[in-house]
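To start, the structure under review is shown below, and the notes come after it.
Atoms within a ligand are numbered from 1 in the order they appear, just like the ligands themselves.
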Amino acid sequence: MSRRLLVAGNWKMHGSMQFVKEMMAELNSSLPAKINYDVAVFPVYIHLYDVITNKPDHVKCGAQNLSEYDDGAVTGEVSAKMLADLGCDMVLVGHSERRIRSNEGNEEVAKKFAQALKYGLTPILCVGESLVQRQSGATQTAVWQQIQAVLDLVGIEKLGQGVIAYEPVWAIGTGESASAEQAQEVHQFIRSQLVLNDDTIARRIRILYGGSCKGSNAYELFSMPDVDGGLIGGASLTAQDFMAICQQADKLSQGV
Ligand code: PEP
């Protein structure tokens, strides 16, 4: 089954109104109108509207987080319903920076995943092991526990409506990417576990790689059989770097 590559830029807590203006101008002028892969960007909440109203139609826009609740007395949070109302397509769930800094546990992440689907947003479930877990041989256990929590809450059908991003914590923002082989090994493991639940969904779901992905390593990473694109942090912050990654996805999507 062939899966469309997805190049997703996580801007984290970066940017300004001017940055959004310039990035949208670049995407509108540099990204061809017809592409055989998908592109998405994830600005901070307050820049979402500007991105949504100025992006090319075929670029998706998502938030970096959402509340696990519908609405109510939850000061400072933003609900899935509000994101959908604004025109968001996607949302990141369980990014390691939120798991670590905001103590988001697997159950909370699973609830957020369910909320996203309830309001028609595509959740990107971020999973990944720490350096200590990798060094102690606990990569598969750590990654699968994070996915299992979502599976337990929503079931395989609904998990299959989202996207998974494998992001080894030791590779995020460090400049040290996982090798293509290391990424493939974990992606293949995830897919093989999902096959035990539903073969069709396991083959259809997109599994992105994230962690110091850039123009120079994107081709090698994305050409692995179970790597379906990337979640890009640092290299999504300039149009030049981001487009360099998109160009690699473009080549692969054309079989070059
Ligand atoms: C991320 O934060 O999702 C990420 C992959 O960051 P970076 O590309 O900077 O490692």
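Atom 8 (O) of ligand 1 has as its closest protein heavy atom Gly233 N, 2.8 Å. Atom 1 (C) of ligand 1 has its closest protein heavy atom at His95 NE2, 3.2 Å. The protein heavy-atom contact nearest to atom 3 (O) of ligand 1 is Glu167 OE2, 2.7 Å.
Proximity to Ala171 (heavy-atom distance under 4.0 Å) selects the following atoms of ligand 1: 10 (O). The distance from ligand 1 to the heavy atoms of Gly211 drops below 4.0 Å at these ligand atoms: 5 (C), 10 (O). Close contacts between ligand 1 and Leu231 involve ligand atoms 3 (O), 5 (C) [criterion: under 4.0 Å to a heavy atom]. Near Asn10, meaning under 4.0 Å from any of its heavy atoms, are these atoms of ligand 1: 1 (C), 2 (O), 3 (O).
With a heavy-atom cut-off of 4.0 Å, Ile172 touches ligand 1 through backbone and side chain alike.
Residue Gly234 places at least one N or O, backbone or side chain, under 3.5 Å from an N or O of ligand 1. Ligand 1 has an N or O atom lying under 3.5 Å from an N or O atom of Gly173, backbone or side chain. For Gly210, no nitrogen or oxygen atom sits less than 3.5 Å from a nitrogen or oxygen atom of ligand 1, counting backbone and side chain alike. Backbone and side-chain nitrogen or oxygen atoms of Thr174 are examined, and none is located within less than 3.5 angstrom of a nitrogen or oxygen of ligand 1.
Salt-bridge annotation for Arg191 and Asp228: present, with a side-chain N of the basic residue lying under 4.0 Å from a carboxylate O of the acidic one. Between Glu104 and Arg99 there is no salt bridge, since none of the side-chain N atoms of the basic residue sits less than 4.0 Å from a carboxylate O of the acidic one.
Pairs engaging residues 71-92 under the side-chain hydrogen bond (donor to acceptor under 3.5 Å, both in side chains) rule: Asp71-Lys81 [sequence neighbours left out].
Note on Leu48 and Val44: separate hydrophobic clusters, where clusters join Ile, Leu, Val, Met, Phe, Trp and Tyr whose side-chain heavy atoms are under 4.5 Å apart, directly or indirectly.
The shortest heavy-atom distance from Lys214 to ligand 1 is not under 4.0 Å. Within the structure, ligand 1 lacks Ala235 among the residues with a heavy atom less than 4.0 angstrom away. Residue contact check for ligand 1: Ser236 places no non-hydrogen atom closer than 4.0 Å to it.
Here the side chain of Arg98 pairs no donor or acceptor atom with the backbone of Val109 at under 3.5 angstrom. Judged by distance alone, with hydrogens and angles left aside, the side-chain atoms of Gln193 form no donor-acceptor pair with the main-chain N or O of Ile190 at under 3.5 Å. Formation of a donor-acceptor pair under 3.5 Å by the Asn217 side chain with backbone atoms of Lys214 is found in this model.
With sequence neighbours excluded, the residues satisfying side-chain hydrogen bond (donor to acceptor under 3.5 Å, both in side chains) with Tyr209 are Ser177.
When side chains are defined from C-beta on, Glu129 counts as touching Tyr166, because their heavy atoms get closer than 4.5 Å.
With respect to Leu159, the side chain to side chain contact (heavy atoms under 4.5 Å, CB included) criterion is satisfied by exactly one of Leu194, Asn197, Ile201: Leu194.
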